[in-house]
Amino acid sequence: MGARYKIIDTLGEGTFGKVVEVKDLEMEHRMALKIIKNVEKYREAAKLEINVLEKLGEVDPDCKNLCVKMLDWFEYHGHMCIAFEMLGQSVFDFLKDNNYQPYPLEQVRHIAYQLIYSVLFLHDNKLTHTDLKPENILFVDSDYEVVSVYSSSKKTHDLLRVKRSDVRLIDFGSATFDHEHHSTIVSTRHYRAPEVILELGWSQPCDVWSIGCIMFELHLGITLFQTHDNREHLAMMERILGPIPYRMARKTRTKYFYHGKLDWDEKSSAGRYVRENCKPLLRYMQSNSEEHRQLFELVARMLEYEPAQRITLREALAHPFFSKLPPHQRLGSDRARCSGEGSTSRERSHSLSR
């Protein structure tokens with residue numbers, strides 16, 4: 001990487017290229033370097049990501065809004081390279097390494113709160129992230145302790161428990177400004193909102209839907225919509241959330257509906273699979289405690305079919321589910337933000353548009 005960066009380790013690989021750990025020989029510290037394949041479409045996406053990160057850096061130089069900090073970018077033999085602060089594992093990788101044992105409720109609360117706070121910052125600055133998923137939420141430090149779980153005095157298994165649940169939001173490669181072209185299909189399948197599948201156009205509320213799916217997954221350790229097919233995805237939504245509104249069914253140009261009803265054979269093997277693997281949302285509740293009810297109430301509000309009726313992130317921050325968040329975990333003037341008093345920050349945040 002020229003004379004300045006020395007590669008120490010590979011952190012991960014994806015379709016776009018790979019992420020390596022490097023040592024900055026001038027500054028003597030370690031960073032994560034995203035090296036993009038020398039392929040035109042990935043190069044263009046990287047330039048868009050750099051643009052978004054530069055704008056975010058101008059508005060929030062100290063990363064108070066929990067978006068990952070870009071430290072540098074450069075081109076190297078046709079590869080776009082973006083240097084970031086070093087972070088820990090993603091909340092997805094930690095979940096996987098923990099045998100898909102869900103996070104404790106107070107950690108779900110803290111992670112969800114930070115995610116909402118961070119994405120609200122994007123929304124306030126006329127951006128939609130469009131690819132929110134557990135893989136794109138990284139712990140600042142994923143150091144953990146091992147907790148032994150006992151049932152009736154017999155040790156059953158060991159659980160990993162992350163010591164600090166502070167997170168950062170990453171991957172702005174698909175983030176879209178309000179005034180930019182909105183591609184028809186966005187988001188990773190399992191976190192994709194109904195208006196995207198039905199090609200009805202999308203904006204910030206599609207991020208809210210994704211966050212609802214993520215909160216469910218962190219709390220239960222399972223993916224809410226485990227499918228790879230549009231029609232099956234819609235059938236799962238109906239099984240979990242009730243019928244898709246007639247207005248959306250009539251308006252879509254996709255071929256998934258017949259006379260405003262989902263064209264779905266419940267007796268087919270796919271129909272049986274959906275019936276056996278999905279149930280109405282509230283039946284996933286494992287406790288009837290007040291805080292569990294609040295969590296599911298908030299998730300249900302995020303999973304409203306109609307984007308205009310979906311809870312906004314500013315409203316979500318004020319939801320009773322977050323009232324138990326300890327004071328040291330609250331960010332900035334979040335009470336002011338919730339009540340709308342915090343609009344000064346929006347005036348200061350010279351809009352990010354290009």
Side-chain angles (χ1 to χ4, degrees), residues 11-12 14 66 87-116 118 131-171 188-191 209-228 236 239-240 273-274 276-300 302-303 316 319 321-322 324-326 329:
L11 299 172
L66 314 185
L87 295 166
Q89 271 192 307
S90 73
V91 299
F92 174 76
D93 284 333
F94 191 90
L95 185 69
K96 189 171 77 177
D97 289 353
N98 202 14
N99 235 338
Y100 296 98
Q101 292 295 314
Y103 289 92
L105 190 66
E106 63 273 17
Q107 291 190 341
V108 174
R109 182 186 282 115
H110 186 215
I111 294 166
Y113 169 82
Q114 295 171 88
L115 177 59
I116 291 168
S118 185
D131 197 17
L132 297 173
K133 54 183 174 181
E135 291 89 333
N136 286 339
I137 306 161
L138 266 52
F139 286 116
V140 173
D141 175 0
S142 44
D143 196 18
Y144 60 87
E145 55 202 5
V146 178
V147 183
S148 294
V149 180
Y150 293 87
S151 70
S152 63
S153 78
K154 182 168 106 277
K155 180 174 163 185
T156 51
H157 58 291
D158 283 340
L159 266 187
L160 310 184
R161 186 163 175 160
V162 73
K163 290 179 182 172
R164 286 181 50 219
S165 45
D166 304 59
V167 295
R168 294 290 180 270
L169 181 59
I170 67 157
D171 197 349
T188 298
R189 153 69 64 199
H190 307 82
Y191 310 95
W209 177 280
S210 304
I211 294 173
C213 297
I214 292 166
M215 287 173 66
F216 178 95
E217 192 165 330
L218 299 180
H219 174 57
L220 286 164
I222 55 174
T223 312
L224 181 55
F225 299 109
Q226 185 60 55
T227 177
H228 297 284
M236 287 181 162
R239 173 92 172 124
I240 295 167
Y273 171 78
V274 168
E276 286 164 11
N277 289 279
C278 303
K279 55 191 177 185
L281 184 65
L282 293 182
R283 289 196 13 215
Y284 286 97
M285 271 175 67
Q286 294 169 329
S287 152
N288 207 19
S289 75
E290 182 61 19
E291 47 189 353
H292 281 81
R293 280 208 304 275
Q294 289 168 345
L295 167 62
F296 274 83
E297 204 272 334
L298 177 54
V299 169
M302 292 178 156
L303 299 179
H319 191 276
F321 177 59
F322 295 117
K324 273 217 171 121
L325 195 77
Q329 290 184 342

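- Shortest non-hydrogen contact noted between Asp93 and Gln89 is CB-NE2, 3.6 Å.
- Below 30°, between 30° and 60°, or above 60°: for Trp209 and Phe225 the angle between ring planes is below 30°, a parallel geometry.
- Considering all non-hydrogen atoms of both residues, Cys213 and Tyr191 come closest at CB-CD2, 3.7 Å.
- Phe321 carries Arg109 over the face of its six-membered ring, with the cationic atom under 6.0 Å from the centre and within 45° of the normal.
- Ring geometry for Phe216 versus Tyr284: interplanar angle over 60°, hence perpendicular rather than tilted (30 to 60°).
- Smallest separation of non-hydrogen atoms from Ile214 and Pro134: CG1-CD, 4.0 Å.
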May I have the step-by-step check of side chain to side chain contact (heavy atoms under 4.5 Å, CB included) for Leu160 and Val146, ending in yes or no?
CA-CA 5 Å; Leu160 310 184; Val146 178; 4.0 Å; yes
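- Residue Arg164 comes nearest to Phe139 through the heavy atom pair O-CD2, 3.9 Å, listed as atom of the first residue, atom of the second, then distance.
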Go through it in stages, so that I can follow the logic: the residues are Phe322 and Leu298, the test is side chain to side chain contact (heavy atoms under 4.5 Å, CB included), and I'd like the CA-CA distance, side-chain angles, deciding distance and then a yes or no.
CA-CA 10 Å; Phe322 295 117; Leu298 177 54; 3.7 Å; yes
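- Among all heavy-atom pairs drawn from Ile170 and Leu87, the shortest one is CG2-CD1, 4.3 Å.
- The neighbour count for Tyr144 OH, taken as heavy atoms of other residues, nucleotides or ligands under 6.0 Å away, does not exceed 12.
- Taking the six-membered ring where the residue is Trp, the centroids of Phe296 and His219 are separated by under 6.0 Å.
- A donor-acceptor pair is defined here as one N or O able to donate and one able to accept, closer than 3.5 Å; such a pair exists between the side chain of Asp141 and the backbone of Asp143.
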Tell me, with the steps shown, if Glu217 and Lys133 meet side chain to side chain contact (heavy atoms under 4.5 Å, CB included).
CA-CA 10 Å; Glu217 192 165 330; Lys133 54 183 174 181; over 6 Å; no
What verdict does the side chain to side chain donor-acceptor pair (under 3.5 Å) test give for His190 and Thr223, after you've listed the backbone C-alpha separation in whole Å, the side-chain angles of each residue and the deciding distance to 0.1 Å?
CA-CA 7 Å; His190 307 82; Thr223 312; 5.6 Å; no
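- The number of heavy-atom neighbours closer than 6.0 Å to NZ of Lys324, taken from other residues, nucleotides and ligands shown, is 12 or below.
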Between Thr188 and Asp131, does a side chain to side chain donor-acceptor pair (under 3.5 Å) hold up when you go through it step by step?
CA-CA 6 Å; Thr188 298; Asp131 197 17; 2.8 Å; yes
Side chain to side chain contact (heavy atoms under 4.5 Å, CB included) evaluation trace for Leu169 with Leu132:
CA-CA 9 Å; Leu169 181 59; Leu132 297 173; 3.6 Å; yes
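- Closest of all the heavy-atom pairs between Pro104 and Arg161 is CG-CZ, 3.5 Å.
- Results of the side chain to side chain donor-acceptor pair (under 3.5 Å) test with Ser165 over Gln107, Gln114, His110 single out His110 as the only residue that passes.
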Decide yes or no on side chain to side chain donor-acceptor pair (under 3.5 Å) for Gln226 and Asn277, but give the supporting numbers first.
CA-CA 9 Å; Gln226 185 60 55; Asn277 289 279; over 6 Å; no
